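Okay, structure first, notes after.
Convention: sequence-line order gives letters A, B, ...; per-chain numbering from 1. Computed from heavy atoms alone, side chains included, the values below leave out hydrogens, waters and symmetry copies. Nothing here was measured: the structure is a model prediction, and the numbers come from that model.
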Protein chains: 2
Amino acid sequence: MTDRVPPLGEIQSRSLSEQVLDVLRDAILDGDFRPGQPLVETDIAARLGVSRAPLREAIRILSAEGLVESVPYHGTTVRALTKTDIEELYSLRGELEAFAIRRVIQQDAQQAASELREHMNAILQAAEAGDLHLVNEEDRDFHRTLIVLSDHSLLLSLWNVVGARVRLVMALLNRRNSDLKQVAYNHVPIIEAIEAGDEARAVQEIRQHIANTGALISEFWEVETENKNP
Amino acid sequence: MTDRVPPLGEIQSRSLSEQVLDVLRDAILDGDFRPGQPLVETDIAARLGVSRAPLREAIRILSAEGLVESVPYHGTTVRALTKTDIEELYSLRGELEAFAIRRVIQQDAQQAASELREHMNAILQAAEAGDLHLVNEEDRDFHRTLIVLSDHSLLLSLWNVVGARVRLVMALLNRRNSDLKQVAYNHVPIIEAIEAGDEARAVQEIRQHIANTGALISEFWEVETENKNP
DNA sequence: CGCCTGTCGATTGTCGACAATCGACCACTG
DNA sequence: CAGTGGTCGATTGTCGACAATCGACAGGCG
């Protein structure tokens, strides 16, 4: 979005650790590892064709992000989310996004609204194509954009943790039976409130939106986890 | 506080990485490393008497916590906080604590109030002894207790990041010229609002409290950093 | 038969050595 | 003298091997 100086294709000077980190995180967030499943270092390192050193560093970061849990000398497992975790996740998410939306309105509400509207259209487009995976991705983009627009780097870094966990939830739970287009339309009141510069209403709308989503997921969570953890 | 089963002195079964992590974090948070100062792995590993492997893992975690910044092949430095960082830190902190206080009131306001009052007395006691360092520590304890009482594990884990950064600020800035006892008394309205079960007032008080602290620190920040980064 | 104890295999934790990368410095060239 | 190219030292990144620790299982003792 902002103009950057070097238009040259960036070369990958990233360390192996970082590449491993991204691969591992995506694997977890795409559900390639089931919750509770142990991550055996030797095994994964061999499969990735790297040594255990960069792998371990990646695991430490994932642990700090809360995606996996490590017990000394006992191993690392993918974090299994309980219903309480879901409730905590969405309650806190509501607070963070409400905070973000207040800042957004106090700064440049009009431009933010138009940018968010673009993202909403992207969700709608994905919904019309019936692409559930893409809908989820664009949905994440919408909310992440809201955070970015709030221009608060610390908030953004916390969001990276919260957002990753949201994505983990989504990976484990396909909202198969919901009307995809409705997912897109649900964002409209939020955008309108921002456009109107109505802080109170925007906060209320986003809180409502997050609470609804959380309640919906929380409802399905038990039956889902029951089926998978017998 | 809660009764634990094994009264036997716990043996340190913690891995070297974790010990190194704690030592390093304390060193940074106590100001033993100045902001911007490079952390040379070979040097620190030698000084701690450990290999670079556990040290690097510790550094990765500190990096994820935002206390240090790592650039591939170029090194790790202690994060230097700008005035913007301070403002972001305290604005977000206000949100998190406001969220916590609402939950606390909705749960067991009376017990929370009494527990917080104990912490306030601890601050007061430290203030009367003129122990600035202890005042800071007890102050941290007060706010951390508020978070813990909110019974929200995700919030607590985010707080560990935010709280660490607050501590980092405190380490770099001695509030020498402030009335220590006043620091303690500033917490009284918060406790009273909790005791009264008045959610709105409690939220307002905590927001005020954090905003005041943030403004005070933000004010001093420029002159402090000017003196130290010529 | 029940419980304690010692051993075993698997996995993680740690180490020292080697390779890759970067910035600084300096000689060289036009 | 400005700019370029190469070399060097320092630091980080990665690797393979070894040590420490844990849970499970089997054997002995009451």
Polar atom pairs between nucleotides 7-9 of chain D and protein, under 3.5 Å, N or O only, would you list them?
none

Using whole Å, what does the distance between atom [atom2] of nucleotide [N] and atom [atom1] of [X] come to?
X        : N       : atom1 : atom2 : answer
Leu39(B) : dT12(D) : CG    : P     : 9 Å
Ile61(B) : dG13(C) : CD1   : P     : 11 Å
Glu41(A) : dT21(D) : CD    : P     : 16 Å
Arg60(A) : dG13(D) : CZ    : C1'   : 17 Å

* Structure fact -> Closest heavy-atom pair, Val78(B) versus Arg34(B), reported as atoms and distance to 0.1 Å, is CB-O, 3.5 Å
Not counting sequence neighbours, which residues clear side chain to side chain contact (heavy atoms under 4.5 Å, CB included) with [X]? List them please.
X         : answer
Thr145(B) : Glu115(B), Leu116(B), His119(B), Leu149(B)
Val50(A)  : Leu16(A), Val20(A), Leu48(A), Pro54(A)
Glu118(B) : none

* Structure fact -> Given the options Arg165(A), Arg79(A), Arg93(A), Asp85(A) meets salt bridge (Lys or Arg N to Asp or Glu O under 4.0 Å) only with Arg79(A)
N/O to N/O distances under 3.5 Å, protein versus nucleotides 14-20 of chain C:
from, atom 1, to, atom 2, distance (Å)
dT14(C), OP1, Leu16(B), N, 2.2
dT14(C), OP1, Ser17(B), N, 3.4
dT14(C), OP2, Ser17(B), OG, 2.8
dC15(C), OP2, Ser51(B), N, 2.7

* To do: Go through Arg25(B) and Asp22(B) one step at a time and tell me if the salt bridge (Lys or Arg N to Asp or Glu O under 4.0 Å) criterion holds.
  => CA-CA 5 Å; Arg25(B) 183 164 33 210; Asp22(B) 286 345; 3.2 Å; yes
* Asked: Among all residues two or more places apart in sequence or in another chain, which pass the ring pair (Phe, Tyr, Trp, His ring centres under 6.0 Å) test with Phe33(B)?
  -> none
* Ile44(B) and its side-chain contact (heavy atoms from CB on, under 4.5 Å) partner, picked from Ile59(B), Val23(B), Leu55(B) -> Leu55(B)
